[in-house]
Amino acid sequence: IFRDPRWGRGHETYGEDPYLTGEMGLQFIKGLQGDDPKHLKLVATPKHYAAHSGPEKDRHRFDAVVSKKDLEETYLPAFRKCVIEGKAESVMGAYNRLNGEACCASKTLLEDILRKKWGFKGYVVSDCGAITDIFKDHKIVATAEEAAALSVKNGCDLNCGDTYHSLRDAVKQGH
């Protein structure tokens, strides 16, 4: 949802209206994935889940502080429609934090809302480099191993980047 004119990726969105954005996303997913019940044409991946729209230059360390009401009424409806009605096979997490949690390692977004509340069965992919941001820029944890473990534990299945190379060491370290 395009809310802040400083966001350099506003042109990648369908605008500021949650309803219209959901409808556009739904039709896009249907077109991309097709209607064959056994075979997808391709995997659609709604992004950037959720509530990015902050200053572009700060996207790797930005914390979007959003009320529950604004999250439910503004930022989540389009994703909800894309997941529940569109049956998107994948969702991409955002670079930023949402209320202190890195979106690509957010128990709230990935486990509580996406998987439990909406019944999402697909896979979650990070935005490219977003797992590295968790320790390098957000400073939520101190190491790549901790960031990789946190992301996997909270539901990020695929890392666009190289931080998941640290998973073996994360296990050895007990993360």
Side-chain angles (χ1 to χ4, degrees), residues 1-13 16 18 21 25 45-80 82-83 88 90-118 120 122-175:
I1 299 296
F2 189 42
R3 296 282 298 273
D4 187 327
R6 297 171 297 171
W7 187 27
R9 293 186 174 189
H11 64 284
E12 294 180 14
T13 76
E16 72 282 350
T21 299
T45 307
K47 61 180 191 171
H48 299 93
Y49 182 64
H52 178 69
S53 69
E56 183 64 10
K57 69 178 185 63
D58 294 332
R59 73 177 188 244
H60 296 281
R61 62 181 173 270
F62 181 70
D63 187 8
V65 178
V66 178
S67 71
K68 285 185 178 186
K69 181 179 181 353
D70 202 19
L71 185 63
E72 285 294 328
E73 293 180 1
T74 305
Y75 291 104
L76 294 182
F79 285 105
R80 183 183 309 112
C82 290
V83 167
S90 176
V91 171
M92 178 182 279
Y95 287 116
N96 61 285
R97 282 173 284 145
L98 174 63
N99 297 331
E101 288 184 297
C103 291
C104 290
S106 170
K107 180 183 180 305
T108 303
L109 287 175
L110 305 181
E111 184 63 29
D112 299 343
I113 296 171
L114 187 62
R115 296 196 192 277
K116 288 181 180 171
K117 189 173 181 181
W118 298 347
F120 181 68
Y123 67 92
V124 174
V125 60
S126 73
D127 205 336
C128 296
I131 307 302
T132 299
D133 290 345
I134 293 170
F135 71 94
K136 185 179 174 192
D137 296 309
H138 294 302
K139 306 211 184 299
I140 294 171
V141 295
T143 67
E145 293 80 11
E146 291 172 298
L150 183 67
S151 299
V152 167
K153 286 177 181 177
N154 286 320
C156 187
D157 305 297
L158 181 62
N159 172 215
C160 179
D162 59 7
T163 308
Y164 277 11
H165 292 296
S166 301
L167 282 171
R168 184 182 322 243
D169 289 334
V171 171
K172 288 177 185 175
Q173 294 170 16
H175 298 295

- Task: Check whether any side-chain N or O of Glu111 sits under 3.5 Å from a backbone N or O of Gly155 as a donor-acceptor pair, and report yes or no.
- Result: no

Review item, side-chain donor-acceptor pairs of residues 127-141, under 3.5 Å, at least two apart:
residue : atom : partner : partner atom : Å
Asp127  : OD1  : Tyr95   : OH           : 3.4
Asp127  : OD2  : His48   : NE2          : 3.1
Thr132  : OG1  : Thr163  : OG1          : 2.6
Asp133  : OD1  : His60   : ND1          : 3.2
Asp133  : OD2  : His60   : ND1          : 2.6
His138  : ND1  : Arg97   : NE           : 2.8
His138  : NE2  : His60   : O            : 3.4
His138  : NE2  : Tyr95   : O            : 2.8
Lys139  : NZ   : Lys136  : O            : 2.8

- Message: Under the criterion side-chain contact (heavy atoms from CB on, under 4.5 Å), I'd like the reasoning laid out for Val152 against Tyr164: C-alpha separation, chi angles, the key distance, then a yes or no.
- Response: CA-CA 9 Å; Val152 167; Tyr164 277 11; 3.6 Å; yes

- Task: Please examine the side chains of Thr108 and Ile113, heavy atoms only from C-beta on, and report whether any two atoms are closer than 4.5 Å.
- Result: yes

- Item | Gap separating the CD atom of Glu145 from the NE2 atom of His175, nearest 0.5 angstrom | 6.5 Å

- For Asn99 and Val66, which heavy atoms make the closest approach, and how far apart are they? OD1-N, 2.7 Å

- Drop me the distance from Thr21's OG1 to Phe2's CZ, to the nearest 0.5 angstrom. 11.5 Å

- Query: What's the verdict on salt bridge (Lys or Arg N to Asp or Glu O under 4.0 Å) for Glu146 and Lys153, showing C-alpha distance, side-chain angles and the deciding distance?
  - Reply: CA-CA 10 Å; Glu146 291 172 298; Lys153 286 177 181 177; over 6 Å; no

- Query: Is the backbone N or O of Cys160 less than 3.5 Å from a side-chain atom of Ser126, with the two atoms forming a donor-acceptor pair by type?
  - Reply: yes

- Task: Apply side-chain contact (heavy atoms from CB on, under 4.5 Å) to the pair Phe120 and Leu110, showing each step before the final yes or no.
- Result: CA-CA 9 Å; Phe120 181 68; Leu110 305 181; over 6 Å; no

- Message: Run Lys117 and Leu76 through side-chain contact (heavy atoms from CB on, under 4.5 Å) and show every step you take.
- Response: CA-CA 12 Å; Lys117 189 173 181 181; Leu76 294 182; over 6 Å; no

- Item | Side-chain (Asp157) to main-chain (Val124) donor-acceptor, under 3.5 angstrom | yes

- Interatomic distance, NZ@Lys47 vs OG@Ser90, rounded to 0.5 Å, equals 11.0 Å

- Message: How close do Cys156 and Cys104 get, counting heavy atoms only, and between which atoms?
- Response: CB-O, 3.2 Å

- Task: Report, as yes or no, whether the 6.0 Å neighbourhood of atom CD on Glu16 holds more than 12 heavy atoms from other residues, nucleotides or ligands.
- Result: no

- Can you check whether Glu101 reaches Leu98 side chain to side chain, under 4.5 Å on heavy atoms? no

- Minimum heavy-atom separation for Ala50 to Ala94, with atom names? N-CB, 4.3 Å

- Please check if the side chain of Thr13 supplies one atom and the backbone of Ile1 the other of a donor-acceptor pair under 3.5 Å. no

- Counting distance only, does the side-chain N/O of Arg61 pair as donor-acceptor with the main-chain N or O of Asn96 below 3.5 Å? no

- Query: What are the two closest non-hydrogen atoms of Ala148 and Leu167, and how far apart are they?
  - Reply: CB-CD2, 3.6 Å

